[in-house]
S.K.: 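First the structure, then my questions, so here it is.
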2 protein chains.
Amino acid sequence: MERKRSDTIAEALEGMILEGTFVDGERLDEVQLAERFSVSRTPLREALQRLALSGLVEQIPRRGVFVRQPGPVELVEMFEVMAELESVCARLAASRITDAALAEMRAVNVRCQRAVEAHDTDGYYYENERFHAILYRHSGNGFLEKECKRLFRRLTPFRRLQLRLRGRLRQSMAEHEAIVAALEAGDALAASDAIRRHVAVQGEKFHHLMSTLKSAAE
Amino acid sequence: MERKRSDTIAEALEGMILEGTFVDGERLDEVQLAERFSVSRTPLREALQRLALSGLVEQIPRRGVFVRQPGPVELVEMFEVMAELESVCARLAASRITDAALAEMRAVNVRCQRAVEAHDTDGYYYENERFHAILYRHSGNGFLEKECKRLFRRLTPFRRLQLRLRGRLRQSMAEHEAIVAALEAGDALAASDAIRRHVAVQGEKFHHLMSTLKSAAE
DNA sequence: GTCAATATTTTTGTATACAAAAGACGATCT
DNA sequence: AGATCGTCTTTTGTATACAAAAATATTGAC
């Protein structure tokens with residue numbers, strides 16, 4: 001199933017960075033990491049290059065690679081782009097989505113709601129991802145779908161944080177319901193607006209969270 | 001100035017693929033290419049990995065890398081996404097763009113027009129890129145700007161092809177004018193619609209071109 | 001002659017070895 | 001004492017060497 005060493009390492013490192021194992025700007029030592037993963041520098045370097053291309057680390061020639069956590073500004077920007085991309089998905093999907101897919105979205109929402117009530121955060125994350133993935137798929141544009149998944153994945157850790165705000169989970173569920181309703185009505189404008197706000201608000205909430213955390217630290 | 005071997009090689013290979021030096025599905029031989037670039041396999045493999053991540057080649061584990069030219073369907077999809085992204089840029093820029101930037105866009109358009117009249121295609125490509133780059137910049141969203149530039153770059157060779165259609169160049173210029181006019185009026189909707197069509201039409205023209213070429217070959 | 005199983009060759013993935021550049025440290029000169 | 005130059009170490013980038021997997025060729029049986 002697994003492809004090669006460098007793949008597993010890239011995945012592991014990606015997870016570690018996204019989880020905040022390293023502080024921003026920290027240099028990643030090749031030999032140290034190679035030792036830690038019990039591999040030579042070659043596959044490790046390949047993994048680092050991949051991270052560099054996906055923007056998780058910055059590679060400065062002859063200097064090394066440094067973890068690069070996006071700042072609050074960049075994060076809001078990323079959420080804004082995500083919101084717009086999903087908005088496009090919704091607009092396209094409004095006319096293209098099948099009844100079967102709509103039924104599945106409803107089913108996902110039900111499971112999502114159950115997860116909320118059971119305080120099963122992992123379950124919630126999973127169903128939430130399903131919800132969005134279905135939307136991407138039914139935009140009918142495979143390239144758009146891939147780009148959305150890429151960005152969605154990149155934003156995962158920050159979405160998680162923002163969800164810990166009081167009442168945010170319940171609010172998020174309500175937004176999901178509204179999106180499905182708009183799609184069922186075939187109302188492209190309403191659907192795209194609803195999801196744009198649904199995603200954009202995540203960025204805003206996150207920003208809010210960050211600034212409160214920052215001022216609390218002072 | 002240049003960073004390292006693998007960078008220059010990646011750039012060179014990228015150019016070769018985009019220019020169509022290799023046919024779709026062709027396997028890229030590591031040792032052969034390494035010899036050709038007078039380097040060892042190590043930097044060459046790094047270059048190939050980068051191409052794989054940007055989607056120009058597909059890397060099948062233990063099998064090798066194969067050039068992956070997007071088919072007509074995927075291309076239209078990519079142009080559609082580009083159109084939507086630029087549309088977002090225009091909508092945001094409509095309220096954020098400065099007078100200086102608008103003046104620059106006008107100036108670029110003038111130079112673009114001159115290039116058309118002088119049949120200076122390279123000049124046209126350059127000014128056209130400037131035009132779009134200014135728009136991206138004034139979306140005020142740095143992340144969006146980067147994503148747009150990435151996709152713009154990826155679509156370059158196909159834009160070039162489509163521009164060879166009769167009258168397309170002149171039409172494209174007119175569209176540029178309309179976009180600037182809408183931005184000057186601060187009309188977000190008009191600007192976003194205008195550029196969406198401006199880009200989407202490129203995909204359609206390209207698609208048209210491909211199908212005529214295909215039927216001509218039969 | 002064809003198919004299959006095995007041996008051979010190629011080719012990819014990984015490890016190690018080497019070279020060159022950057023950084024650290026200290027000695028020397030003003 | 002402070003700055004500058006030089007060397008020494010550390011670390012990245014590249015080359016080569018080796019291992020494992022896939023592709024290909026070869027041989028043998030039917």
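Residue numbers start from 1 in every chain, and the chains themselves are labelled A, B, ... in the order their sequence lines are given, proteins ahead of strands.
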S.K.: Closest to the A:R62 side chain: D:dG13, C:dT14, D:dA21?
M.R.: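 Looking only at heavy atoms from C-beta outward on A:R62, the closest nucleotide is D:dG13.
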S.K.: By nearest atom, which of the nucleotides D:dT14, C:dG23, D:dG13 is closest to the B:T42 side chain?
M.R.: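 Looking only at heavy atoms from C-beta outward on B:T42, the closest nucleotide is D:dT14.
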S.K.: Rounded to whole Å, please give me the gap between CD in A:E46 and C1' in C:dA15.
M.R.: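 Atom-to-atom, A:E46 to C:dA15, this comes out as 12 Å.
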S.K.: At under 4.0 Å, does any side-chain N or O of A:R45 touch on OP1 or OP2 of D:dT14?
M.R.: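 Result: no.
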S.K.: Write down the atom of A:A34, the atom of A:L44, and the distance for their closest heavy-atom approach.
M.R.: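 Minimum heavy-atom separation between A:A34 and A:L44: N-CD1, 3.4 Å.
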S.K.: Whole-Å distance between D:dT11 C1' and A:L33 CG?
M.R.: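 The answer, rounded to whole Å, is 14 Å.
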S.K.: Rounded to whole Å, please give me the gap between CD in B:Q49 and P in C:dG13.
M.R.: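 The distance from CD of B:Q49 to P of C:dG13 comes to 8 Å, rounded to the nearest Å.
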S.K.: May I have the distance from B:R27 (atom CZ) to C:dT11 (atom C1'), rounded to whole angstrom?
M.R.: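 Those two atoms, CZ and C1', are 7 Å apart.
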S.K.: Find the distance A:L44:CG to D:dT11:P and express it as a whole number of Å.
M.R.: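 After rounding, the reported distance stands at 14 Å.
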S.K.: Would you kindly give the CG-to-P distance between B:D29 and D:dA22, to the nearest whole Å?
M.R.: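 Rounded to whole Å, this separation is 18 Å.
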S.K.: Using atom CZ of A:R41 as one end and atom C1' of D:dT14 as the other, report the distance to the nearest whole Å.
M.R.: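 Taking CZ of A:R41 and C1' of D:dT14, I get 10 Å after rounding.
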S.K.: Taking atom P of C:dA22 as reference, at what distance in whole Å does atom CD of A:Q59 sit?
M.R.: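 For the pair A:Q59 CD and C:dA22 P, the rounded distance is 15 Å.
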S.K.: Can you tell me if CZ on B:R153 sees more than 12 non-hydrogen neighbours from other groups inside 6.0 Å?
M.R.: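 For B:R153, atom CZ is not crowded (no more than 12 foreign heavy atoms under 6.0 Å).
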S.K.: At their closest point, which heavy atom of A:M78 faces which heavy atom of A:P70, and how far apart are they?
M.R.: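 It is SD-CB, 4.4 Å.
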